[in-house]
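The structure appears below as structure tokens.
To find a chain, count down the sequence lines: A is the first, B the second, and so on, and within it residues start at 1.
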Protein chains: 2
Amino acid sequence: MVRTARFTEDDFIEATVALVAEGGPAAATMQAIARRVGAPTGSIYHRFESRAAVLGAAWNAAYASFTAALTPLLQAGRPCEAALAILPWARASERRARFLLLHEPVTLFEDTPPPPPLRAELERLEEGFDAAFRACIAARGDGILRDEDLARAKFLIFDAPIAILRPHLQRGGALPPFAERMIAELHAGMPLT
Amino acid sequence: MVRTARFTEDDFIEATVALVAEGGPAAATMQAIARRVGAPTGSIYHRFESRAAVLGAAWNAAYASFTAALTPLLQAGRPCEAALAILPWARASERRARFLLLHEPVTLFEDTPPPPPLRAELERLEEGFDAAFRACIAARGDGILRDEDLARAKFLIFDAPIAILRPHLQRGGALPPFAERMIAELHAGMPLT
DNA sequence: ACCCATCTAGACAGCACATTCTAAAACGTG
DNA sequence: CACGTTTTAGAATGTGCTGTCTAGATGGGT
């Protein structure tokens, strides 16, 4: 009935992630994405309504992959293992890790925000991740949940491990074995509650 | 002999810092900087050779201010106090903190790197900061300095405190009092060596 | 063999930006 | 009080980008 597509949505997303990971957000122009896929620029607009939509879709995909790796461990009340799970995830997909962990959304979306459907999807993902944090605290906590408790959990499980990885992600080399040790020691010395 | 300048180099640097802090790097166009200062765009080029030079000068100034606040404490072998010193520094100059701590250099300089003199100045600043870290470790260490020790010190004194502040810097509100507590507890639970 | 919705293909228009250019204004010194 | 230098002032230029437009290719269903 119709012509079969030579390029998939994922082709463009993957190229976008790679370009941002290698050269920052400004390196991911529509022409660079197209060139990397081997497609003409116009083809991107058959799948995405704008550049912001491509970046948004790429961000959502990376975020979903990341949270999927941690959420089960959080829900099981294992904060230290969740924090450590970031390492194999980052090692398995270095480009996605660089894309997601090295760039703030404000830098990616400062000019034009992604279209509403993508924003809504990201909000759902963020709420799910947040709920997992709350569940993790509740699993070992005493009842009341203060702002400070949530901030503390996010630091221990998310921000601090990423801070440990960031220098190595930037340099581009392999993640050193002592990263594991530092995360484990952090959790031993500074418990959740 | 010559016409006196109405606008100083610092006027432009300050405007650049403010614009990036408020709207990300892309908000700091030459025209936006000029408009904020109240100058014509051409005047910027009497002081800076390019946009990259303005951003580079702003970055160097912010970095110098930041490291100046921490270096004496590092050299005195007081890592925990150095980490805590980030808080008053960030509170005193919120815009500078947002500019420096919320944006990776790769995002600011991805298109065009700053001119060589500014790059050289930044390298000197970075080397000085690095030396202070080594001095701090040596002040309480046992002799040999491994990669891991330096990475550990930078995490405890620099990256981890910033990770604690980052969510609050992004939101733009005041830095909460429990930030102090978390940093102190981190250093109590996970010593330098 | 034909049809036609969907895709490839790439040129094109419009826009925003960095940088340059021209003209005029200021100012302290001789 | 004129001169030369530096600055203001903002228009003009050139570039590179996003998003659009036209033409043609494709391939399964009939």
Side-chain angles (χ1 to χ4, degrees), chain A residues 1-20 22-59 107-118, chain B residues 1-20 22-59 107-118:
Chain A
M1 180 71 159
V2 297
R3 175 174 184 175
T4 52
R6 284 184 51 196
F7 314 108
T8 69
E9 228 171 270
D10 276 346
D11 288 337
F12 294 112
I13 290 181
E14 198 182 336
T16 304
V17 169
L19 285 166
V20 174
E22 288 163 15
T29 68
M30 293 303 254
Q31 311 188 17
I33 297 169
R35 191 166 33 238
R36 183 157 190 134
V37 171
T41 60
S43 290
I44 306 180
Y45 289 91
H46 283 275
R47 313 257 182 314
F48 302 94
E49 69 180 62
S50 66
R51 178 172 181 271
V54 184
L55 287 172
W59 183 266
T107 330
L108 281 167
F109 306 129
E110 63 196 338
D111 32 358
T112 324
L118 286 173
Chain B
M1 183 72 160
V2 299
R3 175 171 185 176
T4 53
R6 284 183 53 197
F7 314 109
T8 68
E9 225 171 272
D10 275 346
D11 288 338
F12 294 112
I13 289 181
E14 199 181 336
T16 303
V17 168
L19 285 166
V20 173
E22 288 163 14
T29 68
M30 293 302 255
Q31 312 190 15
I33 295 168
R35 193 167 31 238
R36 183 157 190 134
V37 171
T41 59
S43 289
I44 307 180
Y45 289 90
H46 282 274
R47 314 258 185 310
F48 302 94
E49 67 181 60
S50 66
R51 179 171 181 270
V54 183
L55 287 172
W59 183 266
T107 329
L108 281 168
F109 306 128
E110 63 197 336
D111 32 0
T112 323
L118 287 173

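Under the 4.5 Å side-chain criterion, counting only non-hydrogen atoms from C-beta, A:F7 is not in contact with A:H46. At a threshold of 4.5 Å between non-hydrogen side-chain atoms, the residues B:F48 and B:I13 count as touching. Side chains of A:F12 and A:R36 form no contact here, defined as non-hydrogen atoms less than 4.5 Å apart.
Taking OG from B:S50 and CE from B:M30, the interatomic distance works out to 7.0 Å, rounded to the nearest 0.5 Å. Separating the CZ atom in A:R47 from the CD1 atom in A:I44 is a distance of 10.0 Å, to the nearest 0.5 Å. Note that CD1 of A:I33 is 10.5 Å distant from OG1 of A:T41, once rounded to the nearest 0.5 Å.
Of the candidate nucleotides C:dT8, D:dC17, C:dA18, C:dA18 has the atom nearest to the side chain of B:Q31.
What separates CZ of B:R3 from C1' of D:dT8 is a distance of 4 Å, to the nearest Å. Protein atom CZ of B:F12 is 11 Å distant from nucleotide atom P of D:dT7, rounded to whole Å. In this structure, B:R6 atom CZ and C:dA24 atom P are separated by 19 Å, rounded to whole Å. Counting to the nearest Å, the P atom of C:dT19 and the CG atom of B:L55 are 10 Å from each other.
Contact check of residues 46-53 of chain B against DNA chain C (heavy atom, cut-off under 4.0 Å) returns B:S50, B:R51. Applying a 4.0 Å cut-off to non-hydrogen atoms, the residues of residues 32-45 of chain B that approach DNA chain C are B:Y45, listed by residue number.
Close to C:dC27, at under 4.0 Å from its OP1 or OP2, lies a side-chain N or O of B:T4.
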Show me the donor-acceptor pairs, under 3.5 Å and distance only, between side chains in residues 51-59 of chain B and residues at least two apart or in other chains.
| residue | atom | partner | partner atom | Å |
| --- | --- | --- | --- | --- |
| B:R51 | NE | B:A28 | O | 3.0 |
| B:R51 | NH2 | B:P25 | O | 3.1 |
| B:R51 | NH2 | B:A28 | O | 3.2 |

